[in-house]
Amino acid sequence: MTTYFGAIADDFTGATDLAGLLARSGVRVSLRIGVPQEPPADTAPLEIIALKCRTAPVGEAVAETQTALDWLRKAGAERFFWKYCSTFDSTPQGNIGPVAEALMKALGTKQTIYCPAFPENGRSIFMGNLFVGEQPLAESPMKDHPLTPMRDSNLLRLLAPQVTSPVGLANRHSVAKGAAALRDRLALLRSEGVAHVVVDAVANDDLFLIAEACHDMTLLTGGSAIAMPLPEIWLKQGLLARHETGRDHRFENGPAIVLSGSCSAMTNRQVTAFLSEPRPSLKLDPLELAENGHEAALDWLLRQDLATTPIIYATAAPDAVRAAQEKLGTERAGALVEETLAACAAKARDLGVRRFVIAGGETSGAVTKSLGISRLDVGAEIAPGVPWCFARTGNHDVAITLKSGNFGSEDFFAKALTVLDT
Ligand code: ADP
C-alpha cells in the first residue's frame with residue numbers, strides 16, 4: 001500500500017517507541033533501520049526510518065535525514081514527522097533544530113511545531129518548559145546523561161540557538177481553548193514570521209487536540225506521543241485503512257538475553273530488579289574493556305546456560321559513568337561499551353538466542369547493526385512506547401525489543417519476556 005505518513009527518528013529506540021504508538025491504531029507500521037538502499041517496495045501506510053544521528057555532527061545529521069526524506073517521498077508520503085526524544089536530547093550544537101529547518105526547506109513549508117510531550121511517560125510541557133514527572137528537565141536525572149546532559153528546561157531557549165528563524169510558543173491556554181483556537185494562534189505566529197512553535201501539552205487530551213489542529217501540516221516534529229492520534233484522524237478521513245492480516249508475531253521461540261548499555265535512572269532500577277532473581281550476569285567496565293578488549297565477555301557468554309536468560313550490562317550510576325568518561329573520554333567510553341554489547345548480541349544469536357531485550361538508544365543502534373537487521377515489523381507493546389518487534393537476522397526470525405533509557409517500569413525486563421509468552 002502507498003505510504004501516507006513518513007517519519008524520521010533520530011535514534012532506534014525512538015523509532016520503535018513511535019512505531020508502537022502508531023501501531024495501536026491497527027494500521028500497518030513498518031520500521032526501517034537506516035535509509036533503505038533499495039527503492040521503496042512492499043511499503044506500509046505508516047513508514048518510519050530509524051537513524052542514529054542524535055549526537056552526530058550537524059552536517060551529517062542533516063544529510064542523512066535528507067536522504068531519508070527523499071526515500072519517504074518516493075514511497076508516496078505526503079505528511080512527514082521528525083521524531084526526537086521526549087526529553088529533547090540534543091547537544092548545544094544540537095541536531096533537532098537544524099534538521100527541522102532543513103526538512104522544512106526541502107518540503108517548502110514555513111512553519112512546524114515542537115511537541116516532545118509524552119504525558120503517559122510523565123513528560124509534559126508547560127509555558128515552554130519541559131518536565132520529567134514533577135521535576136523540570138534540568139533538575140531531572142537527564143542532567144547527568146552520558147552523551148546529552150540537559151541543563152536547561154526551557155524548550156524555546158534550547159531551540160533558539162539551533163535555528164535561524166524565530167521561535168515562538170503556543171502555550172497551554174491556547175491549547176485548552178480547542179483546535180480552532182490553536183490553529184488561529186499558529187496562523188498569528190506565522191504572520192509574525194515565527195517558523196518554529198513550541199506547543200505546550202500536559203495531558204493526553206492535549207495531544208489529541210494538537211493533532212486535530214495540526215494534522216494537515218506537512219511537517220510535524222516532536223516525541224512519539226504527539227504522532228499517536230494522527231492515524232485515527234486519517235482513518236476517519238479515509239486516507240488510511242487498517243491492517244487486515246493483523247500484526248506479524250513470527251519468531252523462533254528460543255532463549256532470551258538482556259543487553260543493557262543505558263545508564264538512565266530507570267534502567268539502573270530495572271537492572272537491579274532483574275538481578276534480584278538469581279541468574280547469570282556480567283557487568284562490563286569500560287576501563288577494563290579499554291585495557292583488554294571484549295573477548296572476555298564473549299567467553300563468558302559461551303559458558304552460560306542460555307535457558308536462564310543471562311544479562312550483560314554496563315549500566316552504572318552517574319558517578320561511575322563520569323569516572324570512566326574522565327579517564328577515556330565520553331565518546332571512547334560509550335563506543336567501547338556499544339561495541340562489546342553489539343559483539344555479544346551477534347554471539348548470542350549464533351549460540352541460539354532468539355529473543356533480545358536491549359536497553360539504551362545508542363546501544364540499540366549498535367546491536368541491530370551488528371545483527372544486520374534492516375527492517376522490523378511492529379508488534380505488541382510491553383510498556384508505553386516500547387513494543388516487541390520481529391526481524392530477520394542470520395537466517396533466523398527473532399523477536400527484539402529496543403528500550404529507550406527512561407522507559408518502562410522497574411520490572412520491565414521480566415515483563416518483556418512474559419508479554420511474548422502470552
Ligand atoms: P539511553 O537510552 O539511556 O540514553 P544510550 O545507549 O542511548 O542509553 O546511551 C548510553 C551511552 O552511555 C552509550 O553510548 C553507552 O555505551 C554509554 N555507557 C554505558 N555504560 C557506560 C559506563 N559504565 N560508562 C560510560 N559510558 C557508558
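Just follow the structure's listing: the first ligand is 1, and inside any ligand the first atom is 1. When reading the values below, keep in mind they use all heavy atoms of this one structure, side chains included, and skip hydrogens, waters and symmetry mates. Predicted, not measured: the structure shown is a model, and the values here were computed from it.
Remark: L103 CG to I8 CD1 distance equals 5.0 Å, nearest 0.5 Å.
Residue contacts with ligand 1 for P146 involve side-chain atoms from C-beta outward but no N, CA, C or O (heavy atoms, distance under 4.0 Å). Under 4.0 Å from ligand 1, the heavy atoms of P286 that appear belong solely to its side chain.
Under the 3.5 Å distance criterion, with hydrogens and angles disregarded, no donor-acceptor pair is assigned to the side chains of Q162 and H196. Using a 3.5 Å distance cut-off with no hydrogens or angles, the side chains of T109 and T218 do not pair a donor with an acceptor. Side chains of T13 and S364: no donor on one and acceptor on the other come within 3.5 Å. No side-chain N or O of E139 forms a donor-acceptor pair with one of S153 less than 3.5 Å apart. One side chain, Y84 or T221, offers a donor N or O that lies under 3.5 Å from an acceptor on the other. Side-chain contact of S224 with D17: a donor-acceptor pair under 3.5 Å is present, judged by distance alone. A donor-acceptor contact under 3.5 angstrom links the side chains of R375 and S30, judged on distance only.
A salt bridge does not link E252 with R392: none of the charged nitrogens is closer than 4.0 Å to a carboxylate oxygen.
Nearest protein neighbour of atom 21 (C) of ligand 1, counting heavy atoms only, is C263 SG, 3.6 Å. The nearest protein atom to atom 8 (O) of ligand 1, hydrogens excluded, is given as G360 CA, 3.4 Å; this is a heavy-atom distance. Among protein heavy atoms, the minimum distance from atom 14 (O) of ligand 1 is reached at E338 OE2, 2.6 Å. In terms of protein heavy-atom proximity, atom 23 (N) of ligand 1 is closest to A314 O, 3.1 Å. At the shortest separation from atom 3 (O) of ligand 1 among protein heavy atoms lies S262 OG, 2.7 Å. In this structure, atom 4 (O) of ligand 1 lies nearest to the protein heavy atom H145 NE2, 2.6 Å.
Distances between N or O atoms of S404 and those of ligand 1 include no value under 3.5 Å. Backbone and side-chain nitrogen or oxygen atoms of A316 are examined, and none is located within less than 3.5 angstrom of a nitrogen or oxygen of ligand 1. Considering both main-chain and side-chain atoms, V337 never comes within under 3.5 Å of ligand 1 through any nitrogen or oxygen pair. Looking at ligand 1, you won't find any N or O of K403 less than 3.5 Å from one of its N or O atoms. Taking any N or O of E362, backbone or side chain, at least one lies under 3.5 Å from an N or O belonging to ligand 1. Note: an N/O pair closer than 3.5 Å links G405 and ligand 1 by distance alone.
Cation-pi geometry between R349 and F356 is not met: the NZ or CZ atom fails to fall both under 6.0 Å from the ring centre and inside 45° of the normal.
For the ring pair (Phe, Tyr, Trp, His ring centres under 6.0 Å) with F274, the qualifying choice from F413, Y313, F412 is F413, the only one to do so.
If you check each of A335, G334, A366 against atom 17 (C) of ligand 1, the one with the closest non-hydrogen atom is G334. The heavy atom nearest to atom 6 (O) of ligand 1, considering only L402, T330, T363, is found in T363. The residue from G261, S364, A342 that puts a heavy atom closest to atom 19 (C) of ligand 1 is G261.
Listed by atom number, the atoms of ligand 1 under 4.0 Å from G361 heavy atoms are 1 (P), 2 (O), 5 (P), 6 (O), 7 (O), 8 (O).
Note: F5 and W234 have tilted aromatic rings, judged against thresholds of 30 and 60 degrees for the angle between ring planes.
Put simply, no part of T13 is less than 4.0 Å from ligand 1, judged by heavy atoms.
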